[in-house]
Amino acid sequence: MDFNLALVIVVTTILGIGLQGCDSKVVQFIFGDSLSDVGNNMHLSRSLAQASLPWYGIDMGNGLPNGRFTNGRTVSDIIGDNMDLPRPPAFLDPSVNEDIILENGVNYASGGGGILNETGAYFIQRFSLDKQIELFQGTQELIRAKIGKRAACKFFKEASYVVALGSNDFINNYLMPVYTDSWTYNDETFMDYLIGTLERQLKLLHSLGARQLVVFGLGPMGCIPLQRVLTTTGNCREKANKLALSFNKAASKLIDDLAENFPDSSYKFGDAYDVVYDVISNPNNYGFQNADSPCCSFWNIRPALTCVPASSLCKDRSKYVFWDEYHPTDSANELIANELIKKFGLSNTNQGGAPSPAPAVAPSPEDR
C-alpha cells in the first residue's frame, strides 16, 4: 500500500486555514484504508485486518495498540498536529458523540477497505468507501438532530473531506487471482471500472455537502515489502507501480472534470508518488538504512502479513522505512510529512508552538 495520506492532509489543511479565517470551526471527515485507520477495525471483531496486537503502537502514548497500523503516528497525525487541527476520532470509538463530532470531525477509515465493495473480501470485515459514505450519512442525521438543519448544512459544507483509498483495490483485489476481478477485467477495463465507481462516490459526497474535497493518488505500491518478496529479484514490482501511475493519471483527470462541473467547490488531487519513491529508492539520503523489508517480521518467515506478539523487531525502528509488510514506520511518516510541509511552504498555525515531537522510542522486546 502507498502512504500518500500526507499530501492529502497538507492540502486539506490549506483549505482549513482559509476557513478558520472566517471564525468557523473546521473539522475533517476522513475516508480511507489502513494508512489512515485510527481504530475502526479494532471494533470490527471478525476483521482479519487488525492492528490490535503488540507491537503496533509501541512508540505512541502508552505503547499499547491504538488501531494505527504502524509503531507510532500516521502521516495525518503528524501534519494535522503541526497545523493545529484536531485529530478526527474513529467512527466506532465508543466515546464518539455529537459534541465530539462537532469539535473534531470523524475518521471512517478502515484497514482493508477499498473503492470497490468486493476489495479486501478475505479480511471478512472492513468498511468499503460505499459503507464509509453510508456511515457519514448517519453522522449527518445525528448532527441535524443536534443543531438543526440549517446549522448542520453550514457545518458540513465548511468541513474538509479526504478520500484516501485505492491501493487495496489493486493489492487486495485485482492483482490477486482469488478475486474474480483479476480475471474478469484487464488493466484498462479494471481502471475504467474503478474510476467510474469513484466518480459515482465523489458525486454522492458532493450531494451530501462536501465542498472542500481532496482525493489522493497512489504511491509506488509495488515497492512495499509484501510486493517485493513476491518477486524473484526482491526489486519493486513494476506492474503494480505502473498501475499506480495509471490510477493517478485517471483520477487526476476525474478530479479536474468534477472541479469544472462543481464551481461551488474546491476539488483537489494530491499526488506524492515521486516523493515516496525517492525515499524508498534513496533511503540513505534520508537517514534510513532499510527500505525493502519490515521492521516487525516473524523471524525469517516472509511474508508475515501482520505484526504479532511473537514477531521480532528490528533493533532501531528509526532506520526502517517500513514497519510491517504494508505500512511505514513513524520515522518514515514523519519524514514524509515534514518534506511535504516544506514543499508547500506550510508553517505551524499554533504561533510559538513547536511541531508535535516524535514519540519516545520504547525498548525492543528483546531489551525488556
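What you are looking at is a predicted structure, and each value in this text was computed from that prediction instead of being measured.
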Note to self: Working note: Asp33 + Arg126, criterion salt bridge (charged side-chain N to carboxylate O under 4.0 Å, His left out); need CA distance, chi angles, decisive distance, verdict.
What the structure shows: CA-CA 9 Å; Asp33 53 28; Arg126 76 283 178 218; over 6 Å; no

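- Sulfur-to-sulfur, Cys314 and Cys295 sit under 2.5 Å apart at their SG atoms.
- Using the six-membered ring where Trp is involved, Phe262 and Tyr267 have ring planes that are perpendicular, over 60° apart on the 30 and 60° scheme.
- Side-chain rings of Tyr193 and Tyr185 approach one another, their centers coming within less than 6.0 Å.
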Note to self: Walk me through whether Arg73 and Asp81 qualify under salt bridge (charged side-chain N to carboxylate O under 4.0 Å, His left out).
What the structure shows: CA-CA 10 Å; Arg73 302 159 296 171; Asp81 291 351; 5.7 Å; no

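- By the 30° and 60° cut-offs, the orientation of the rings of Tyr277 relative to Tyr273 is parallel.
- The aromatic rings of Phe31 and Phe136 sit perpendicular to each other, their planes meeting at more than 60°, with 30° as the lower class boundary.
- Ser293 and Tyr320 are not linked by any side-chain donor-acceptor pair at a separation below 3.5 angstrom, with hydrogens and angles left out of the test.
- Checking Asp324 against Tyr56 by side-chain atom types alone, a donor-acceptor pair falls below 3.5 Å.
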Checklist line | side-chain hydrogen bond (donor to acceptor under 3.5 Å, both in side chains) assessment of Asp169 paired with Thr119 | finding: CA-CA 5 Å; Asp169 294 290; Thr119 290; 2.6 Å; yes

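- Side-chain contact between Ser297 and Ser312 is present, with at least one heavy-atom pair separated by less than 4.5 Å.
- Annotation: Gln137, atom CD; neighbour count of heavy atoms from other residues, nucleotides and ligands within 6.0 Å is above 12.
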Next item on the list: Report the C-alpha separation of Asn71 and Asp330 in whole Å, then their side-chain angles, then the decisive distance to 0.1 Å, and conclude whether the side-chain hydrogen bond (donor to acceptor under 3.5 Å, both in side chains) test is met.
Entry: CA-CA 6 Å; Asn71 61 308; Asp330 178 273; 5.6 Å; no

Check: Is there a side-chain hydrogen bond (donor to acceptor under 3.5 Å, both in side chains) between Ser281 and Asp278 once you walk through the steps?
Finding: CA-CA 5 Å; Ser281 302; Asp278 192 49; 5.8 Å; no

Next item on the list: Check the pair Asp37, Arg68 against salt bridge (charged side-chain N to carboxylate O under 4.0 Å, His left out), reporting the backbone distance first and the verdict last.
Entry: CA-CA 6 Å; Asp37 189 345; Arg68 290 166 174 80; over 6 Å; no

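- When only modelled atom types and interatomic distance are considered, Asp93 and His43 share no side-chain donor-acceptor pair under 3.5 Å.
- Side chain to side chain, Asn172 and Tyr179 fail the donor-acceptor criterion of an N or O pair below 3.5 Å.
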Item checked: Residue pair Ser128, Asp130: steps toward the side-chain hydrogen bond (donor to acceptor under 3.5 Å, both in side chains) verdict -> CA-CA 5 Å; Ser128 67; Asp130 275 339; 5.2 Å; no

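- Ring centroids of Phe156 and Phe29 are separated by less than 6.0 Å, placing the two rings close together.
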